[in-house]
Each structure stands twice: as structure tokens, then as C-alpha cells.
Amino acid sequence: MAVILLLAGGRWVSHIAIGPVYIADVLLAAAVLHTVCSRLLVKHHSGSNQGPGVLVGLVVLATLVRVISSEGEALLIARDAAPFVYVAVAYLSARGYLLASEPDRRRTARLVHGALVIHLCWVACVVLVPDLSSALSESWSGPTPEVRSDLDTALLGILAGVSILRFRRKEGTWMSASLAGASVALALTMHSRAGLLACGICVVAAMAGGANRNARASVRTVALGVSAVILLMVLLPSSPAAQRLIATVDRTAASQTLAVSAEGTSNARKVAWERVIRFTLADPARVMIGVGFGPDFLKDADADVALGSQTYQGVRSPHNYLLTVFARLGLLGLTVIVALLATVLAAAIRELWARHQPDELTFMCVLVVMSLFVIAMLGVVLESPFGAVPFFWAGGVLLARSHRRRRSLARTAHVAPSVPYRGRRLIEAPPEGAGSLAVVAESAPPLPMEPTARAVHQR
């Protein structure tokens with residue numbers, strides 16, 4: 001429910017407070033409590049609820065160690081450490097995915113899809129009615145719907161990708177086509193270059209994989225691809241994000257105003273990144289274990305001004321997740337985080353190009369991981385709950401599937417040699433929802449067996 005809430009509302013929903021904490025933290029605390037109680041009260045089959053791997057545990061352990069050794073205001077320490085603790089969400093999602101039934105997974109996919117549709121609706125209202133946010137702010141004191149360009153464009157790309165996949169699978173054809181077109185068209189009105197790249201990756205991923213590879217699906221894919229190209233040729237030249245992206249590569253190809261804006265943003269990031277790296281490398285202790293949680297390393301490195309700290313209050317991250325990790329946890333923490341991200345991305349790519357057809361929930365997780373990773377490299381995304389919670393939730397599902405696949409292959413390798421066929425044996429990974437072992441043998445008769453061996457084989 002925390003993930004669905006954040007996908008539906010984006011950044012502004014994450015700022016809804018319940019007492020001294022935010023609503024996403026309350027939902028995550030409830031999820032942790034539910035998980036602990038269920039493990040104590042309900043006995044599951046052995047091996048069915050394994051975690052996503054040791055890398056997640058290492059990240060959480062390194063975070064807790066640095067929290068204990070950090071000095072300063074407790075609130076700032078908790079604020080800086082929270083994004084790294086959110087990695088533990090992968091344990092909750094992995095365990096939930098492995099224990100859930102197939103109907104449960106389909107219901108989860110429908111809820112996530114509904115959240116993305118809600119997000120599309122309110123973003124469209126805010127974009128089409130510019131005065132809506134200011135009008136709502138007068139009626140209540142809570143946070144009002146405001147567009148955050150990079151995150152909201154990435155979420156629109158996820159909905160576009162899921163809608164394209166449904167269109168290819170002939171699920172709600174006209175509705176899926178309408179949602180895909182509306183999502184892409186609305187994403188082109190945004191100003192974020194990273195968000196536009198994330199949206200494009202989702203669209204390409206939906207067209208390249210995720211559906212049965214047969215002739216009819218290929219025809220629908222070609223038709224969809226041609227329609228997408230025509231739509232982009234019409235709308236892309238007038239897109240603010242596209243013009244800023246072009247100006248980044250060729251300044252003369254865009255207007256002077258957009259070129260100056262795009263170049264200024266890029267230069268500001270480069271200056272901030274260089275200063276953060278120089279500040280971290282200046283001290284061997286910072287190189288190995290970072291500054292910890294609490295200190296404002298961006299201000300100490302004199303990199304906050306380049307990122308607009310005089311205009312925007314509370315700037316504490318250099319708009320690059322890996323640099324944040326390096327500054328906070330040093331080389332040791334960065335190594336573990338990079339290994340975890342590489343494992344999650346590898347699992348996403350493996351699911352995208354797998355021979356079997358992934359279920360919709362898995363495909364959604366692939367798009368969430370790929371799109372949020374792109375914008376996290378150029379913005380403050382995984383350092384915040386609206387990006388970290390959905391990312392590591394999706395990553396936990398993908399890691400759980402990889403874990404289950406490895407266990408299945410291990411059982412296959414252990415069982416297969418015990419069946420003495422004279423002919424050639426073909427051992428394949430089982431399809432989704434099938435048993436753990438599928439052995440297809442030639443019709444040659446089995447070799448003669450001793451009575452004991454024959455009884456074991458028959459059993």
C-alpha cells in the first residue's frame with residue numbers, strides 16, 4: 001500500500017505528515033509489524049520465504065553501523081540514514097512475492113496499474129489547469145499536487161510501457177492504446193531530460209520484450225512502433241525536454257534561452273560533483289567510510305551553491321545517487337550499493353529478454369527499476385521515499401524471482417543425473433507456474449536396472 005500510494009501521488013503525497021512522521025513511514029512500519037507477526041504466528045513451508053540476498057543485508061548493516069557512530073542532531077541523522085534503510089523494503093517485497101498466490105500477484109498488478117492511472121489523471125489536471133495547485137492550497141493546509149518533472153515523467157513512462165504491453169497482448173486494446181498515447185503525450189510536455197530518457201526506455205522495453213514472439217504479435221508490434229514514430233515526429237520537436245536534451249548535445253540546434261538553461265543546469269551538476277569528489281578524496285577516512293549521517297557534506301564541500309541552495313532550501317544531495325553513497329558511506333558502502341544495483345538491473349534485463357512470457361507484475365517491476373535508476377543518476381530520487389520505496393520494492397520482487405530460479409536450477413542439476421536414460425536428455429527450466437523440474441527424454445527404452453534401483457525410479 002505504501003508503494004501504491006507513492007506511485008499514485010508522487011512527491012507531494014510523500015510529504016503528508018501523520019504526527020512527527022510521514023504517511024509512507026507509517027505504512028512501512030505497519031508492513032514490518034505485519035511481517036514480524038506473520039513469521040511468529042504462521043508456519044510456512046521451509047525454503048519458501050527466503051530473502052533477496054546478502055547484499056541488502058550488508059547495506060542495512062553498514063547503514064546501522066554508521067548511524068551508531070554518527071554524531072550530531074538525531075533528526076538530521078535519521079533523515080540522512082532513512083534512504084539507506086529503505087533498502088530493507090526489498091526483504092518485505094521478496095518475501096511477500098514468494099509467499100503470494102498467483103491471484104494475489106494479479107490483484108497487486110491491478111492495484112499498481114490503477115495507481116499509475118490515478119497519477120496520470122492528476123498530472124494531466126495540474127498541467128492543463130495551471131492554477132489548480134494554488135487554488136487547492138487555499139482550501140487545505142496539507143501539501144498540494146505539484147508536478148516534479150523527472151519523477152512524474154518517469155512514472156508516465158511506466159504507465160506507457162505497461163499499456164503498450166497490454167496492447168500487444170490484446171488486453172483492453174483501445175483503453176491500453178489510449179493510456180499509452182496520453183502518457184507519452186503528457187510526458188513530452190515536461191521539462192526533465194532525465195525523465196524523458198526514462199520514459200523512452202520504458203517504451204522501448206515494452207516494444208522489445210514482454211510478449212509472445214509469434215507472427216501476430218510481431219505485426220502488432222510493428223504497427224505500434226510505426227504509430228509511436230509518427231507521434232514522436234509530430235510532438236517531439238515541440239517538447240521542452242527534447243529541446244533541452246538536444247541543446248545539451250548541440251547548442252546551436254535549440255533556441256538561445258533553452259540552450260542557456262540546459263547548459264547552466266549541466267554545468268551546475270558538474271561543478272557540484274567535482275567538488276563533492278574532491279572533498280571526499282581529501283581525507284583517507286572519508287574515502288573509506290564516508291562522512292556518515294548528520295553532516296551537510298554538500299555545504300562543507302562548497303557544492304550547495306552550484307545546485308541552488310540560495311533559492312531552494314534543504315539541498316543536501318548532489319543530484320547523483322552514487323555520489324551521495326560515496327560521500328555518506330565511503331568506498332566500502334559504495335562497493336556494496338553498486339553490487340546491489342548491478343544485481344537488480346541484471347535481474348531486470350534477464351526478465352526482459354527471457355524466453356518465457358513474464359507476468360504483468362514482473363514487467364511492472366522491470367520498468368520501475370529501469371526508469372527510476374535513470375532519473376536517480378541525475379536527481380535526488382533514491383535519497384527520498386517517493387523514489388527509494390518503489391525502487392527497492394520492485395528490486396526485491398526481481399531478486400526473489402532470481403533466487404527462485406537459481407534454486408530451481410540447483411534442484412534440476414541434483415535430480416537429473418539420477419534418471420539413467422540411454423537416449424539424450426533435454427532438461428529445461430520450467431515455465432511460470434509449472435513444477436520445479438521438466439525432463440523431456442527420447443523414446444529409447446531405459447537401461448536395465450537392479451531391483452532396488454527400479455523401485456526407487458518408479459517411486
Side-chain angles (χ1 to χ4, degrees), residues 3 7 47-60 84 86-100 102 104-105 108-109 112 154 157-158 161-162 165 198 201-202 204-211 213 321-322 325 334-377 381-382 387-413 428-434 436:
V3 173
L7 291 178
S48 64
N49 55 354
Q50 300 294 324
V54 297
L55 290 175
V56 176
L58 289 176
V59 173
V60 176
F84 300 93
Y86 288 142
V87 177
V89 171
Y91 273 117
L92 303 179
S93 62
R95 183 175 182 272
Y97 182 84
L98 292 174
L99 296 178
E102 191 59 32
D104 292 333
R105 296 170 184 168
T108 302
V112 173
I158 296 172
V162 174
L165 179 68
I201 288 175
C202 291
V204 172
M207 292 185 178
R213 292 171 172 82
Y321 181 64
L322 296 182
V325 174
L334 180 63
T335 302
V336 180
I337 288 287
V338 168
L340 176 61
L341 294 179
T343 304
V344 171
L345 291 175
I349 295 174
R350 189 161 48 245
E351 292 291 345
L352 187 62
W353 294 107
R355 286 171 49 189
H356 64 273
Q357 184 177 1
D359 58 89
E360 189 173 70
L361 179 60
T362 302
F363 191 74
M364 287 178 174
C365 292
V366 170
L367 296 184
V368 168
V369 164
M370 297 176 70
S371 61
L372 294 185
F373 176 79
V374 171
I375 61 176
M377 294 300 102
V381 178
L382 294 186
V389 174
F391 180 88
F392 290 112
W393 169 81
V397 171
L398 297 178
L399 292 176
R401 288 178 61 85
S402 297
H403 176 80
R404 186 176 63 179
R405 184 181 296 107
R406 288 194 301 269
R407 289 177 62 88
S408 177
L409 292 176
R411 287 195 299 267
T412 300
E428 298 179 343
E432 185 73 19
S436 62

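Being a predicted model, the structure only gives us computed values, none of them experimental. Residue numbers run from 1 in the order of the sequence given. The figures that follow rest on heavy atoms only: side chains count, while hydrogens, waters and symmetry mates do not.
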Passes side-chain contact (heavy atoms from CB on, under 4.5 Å), I158 versus M364? Steps please. CA-CA 7 Å; I158 296 172; M364 287 178 174; 5.6 Å; no
Looking only at heavy atoms, what is the nearest atom pair of L372 and P390, with distance? CD1-CB, 4.1 Å
Quick check: closest heavy atoms across C202 and G157, and the distance to 0.1 Å? CB-O, 3.2 Å
From L361 atom CG to R105 atom CZ, the distance as rounded to the nearest 0.5 Å: 8.0 Å
From Y321 OH over to L334 CG, what is the distance, rounded to the nearest 0.5 angstrom? 10.0 Å
Minimum heavy-atom separation for V369 to A348, with atom names? CG1-CB, 4.4 Å
One pair to check against side-chain contact (heavy atoms from CB on, under 4.5 Å): V60 and F84. What are the steps and the verdict? CA-CA 7 Å; V60 176; F84 300 93; over 6 Å; no
Smallest separation among heavy atoms of A400 and Y97, with atom names: CB-CD2, 4.3 Å
Any heavy-atom pair between the side chains of R401 and D359 that's under 4.5 Å? yes
Nearest atoms (heavy-atom pairs only) where A154 meets I375: CB-CD1, 3.9 Å
Rounded distance (nearest 0.5 Å) linking atom CZ of F392 with atom CG of L398: 12.5 Å
Anything under 3.5 Å between a donor and an acceptor, one on a side chain of residues 336-346, the other on a protein residue two or more places apart or in another chain? List them.
from, atom 1, to, atom 2, distance (Å)
T343, OG1, A339, O, 2.7

To the nearest 0.5 Å, how far apart are CZ in F373 and CD1 in I201? 9.5 Å
What is the distance from atom CG of L382 to atom CZ of F391, rounded to the nearest 0.5 Å? 5.5 Å
L367 side, atom CG; T362 side, atom OG1 - distance, nearest 0.5 Å: 11.0 Å
Specify the closest pair of heavy atoms between S93 and G396, including all atoms of both residues, with the distance to one decimal. OG-CA, 3.3 Å
